Protein chains: 2
Amino acid sequence: MNPSPLPFEPDHNHDRCISEALEQARHLCRERRQRLTPIRELVLRLIWQSHQPLGAYELLPALAEAGFNSAPPTVYRALEFLQSQGLVHRIASLNAFIGCPHPEQSHQGCFLICRSCKSTLELESQPIQQAIRSSAGSLGFTIEQETVEIVGLCPNCQTRPQRDPQ
Amino acid sequence: MNPSPLPFEPDHNHDRCISEALEQARHLCRERRQRLTPIRELVLRLIWQSHQPLGAYELLPALAEAGFNSAPPTVYRALEFLQSQGLVHRIASLNAFIGCPHPEQSHQGCFLICRSCKSTLELESQPIQQAIRSSAGSLGFTIEQETVEIVGLCPNCQTRPQRDPQ
DNA sequence: AATATTTTGTTATAGTGTAACGCAATCTTT
DNA sequence: AAAGATTGCGTTACACTATAACAAAATATT
């Protein structure tokens with residue numbers, strides 16, 4: 001069992017991985033004087049539990065089960081808050097959301113998304129960042145937001161295409 | 001007047017730029033034995049006319065004006081065909097479509113999108129491609145599809161934020 | 001001309017996301 | 001602790017994006 005998730009590694013200790021993410025979220029929000037309300041924390045936990053990008057509407061049933069209102073605005077508000085705090089990212093090409101493993105400083109994610117098992121890995125790739133900045137800079141373009149989403153097959157699914165690591 | 005569009009340059013000869021794109025599309029489709037029907041050609045022309053990413057539903061009124069059916073499936077079918085031929089790209093972060101300036105070979109675009117005037121430039125950046133391939137490769141990830149969309153401010157809009165180059 | 005294939009028309013519906021308003025909970029100031 | 005201000009939530013309604021399914025028309029093939 002690993003203490004934290006490895007790239008495309010299905011067998012890490014996911015319970016611990018979730019609770020660490022939640023603890024960090026609580027800590028960051030306390031520090032920033034932001035309110036991690038029960039709904040927001042639940043949405044964050046649900047997203048972490050999946051480890052796959054999760055659509056907004058997939059969250060609604062769980063919210064209803066927990067006794068909350070489960071109309072779309074409820075979950076979108078929670079997601080908006082979590083995004084504003086860097087706790088989740090939105091994957092534009094999937095219309096879905098995923099937990100951010102290092103929310104302590106605002107950043108632009110770069111995602112590797114497995115088409116087969118949907119596992120998604122957030123990279124911190126200096127070379128990619130650098131190449132993008134350099135290209136934009138040479139054209140006089142000022143970057144405000146980056147969307148880098150790579151879809152393909154993770155190592156597991158190249159040899160065992162049907163398996164779902166979660 | 002320039003014969004072809006320059007990066008974020010509002011004053012190129014856009015009529016010529018459109019007609020060249022259409023001529024190339026006709027040529028490619030003839031070569032590939034694919035049918036560039038009136039609807040498909042009209043959709044392609046409308047997209048090129050805008051030079052900004054265009055939503056599917058923004059195309060419908062023009063289709064109706066031209067006497068075609070203007071229900072969503074009509075335009076989505078045309079867009080699907082044009083994408084399959086590499087003639088247009090979809091911008092995931094905008095739910096919109098834009099003409100491809102070099103459709104002769106299938107490729108993954110990298111887009112610089114101005115938040116203010118919406119001008120969008122497709123890059124062929126070897127360093128970015130290389131960095132992405134290298135990152136993915138070192139993790140054993142096989143790339144199938146890349147989404148790279150950079151939103152920010154183009155040179156024109158950094159000094160004249162209100163101007164619309166189109 | 002007959003048949004097969006592709007494209008389009010049409011209706012309906014699924015999926016994603018937001019506006020707007022009022023109430024409730026929390027925070028701030030006194 | 002009370003009053004007022006701010007923030008978050010419940011609720012309804014709706015806008016925007018995209019596709020399924022089937023029939024009719026147009027085109028290609030034999």
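These numbers come from a predicted model, not from an experiment. Just the heavy atoms: all of them, side chains too, but no hydrogens, waters or symmetry mates, feed the values below. In the text below, chain A, chain B and the rest are named by the order of the sequence lines, each starting its count at 1.
Using a distance-only test at 3.5 Å, with no hydrogens or angles considered, a donor-acceptor pair links the side chain of B:Ser19 to the main chain of B:Arg16. For B:Glu149 (side chain) and B:Leu94 (main-chain N/O), no donor-acceptor pair under 3.5 Å exists by modelled atom type. A donor-acceptor pair under 3.5 Å links the side-chain atoms of B:His14 to the main chain of B:Trp48, judged by distance alone.
Scanning residues 23-40 of chain B for heavy-atom distances under 4.0 Å to DNA chain D yields B:Arg35. Taking every heavy atom of residues 73-88 of chain A and every atom of DNA chain D, pairs under 4.0 Å involve A:Pro73, A:Thr74, A:Arg77, by number.
Atoms CG (B:Leu63) and P (C:dG9) sit 8 Å apart, rounded to a whole Å. The distance from atom CG of B:Asn69 to atom C1' of C:dT11 is 11 Å, rounded to the nearest whole Å.
B:Asn95 comes within contact range of the sugar-phosphate backbone alone, with a heavy-atom separation under 4.0 Å but no base atom that close.
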Name each donor-acceptor pair under 3.5 Å that joins a side chain in residues 79-86 of chain B to protein atoms two or more places apart or in another chain, with its distance.
unit_1	atom_1	unit_2	atom_2	d
B:Ser84	OG	B:Phe81	O	2.6
B:Gln85	OE1	B:Arg32	NH1	3.1

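Within a 6.0 Å sphere centred on NE2 of A:His27, heavy atoms belonging to other residues, nucleotides or ligands number 12 at most.
Residues that satisfy the side-chain contact (heavy atoms from CB on, under 4.5 Å) test with B:Gln108, not counting sequence neighbours, are B:Gln145, B:Glu146. Evaluation of the salt bridge (Lys or Arg N to Asp or Glu O under 4.0 Å) rule for B:Arg35 yields no partner, not counting sequence neighbours.
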Q | Worked verdict on B:Thr147 versus A:Val151 for side-chain contact (heavy atoms from CB on, under 4.5 Å) | A | CA-CA 8 Å; B:Thr147 300; A:Val151 175; 5.8 Å; no
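Put simply, chain B comes within 4.0 Å of DNA chain D, heavy atom to any atom, from D:dT17 to D:dT27, going 5' to 3'.
Mapping B:Ala56 and A:Ala71 onto DNA chain D by nearest heavy atom places A:Ala71 at the nucleotide closer to the 5' end.
Side-chain contact of B:Glu122 with B:His107: a donor-acceptor pair under 3.5 Å is present, judged by distance alone. A donor atom on one side chain and an acceptor atom on the other are found under 3.5 Å apart for B:Ser135 and A:Ser125.
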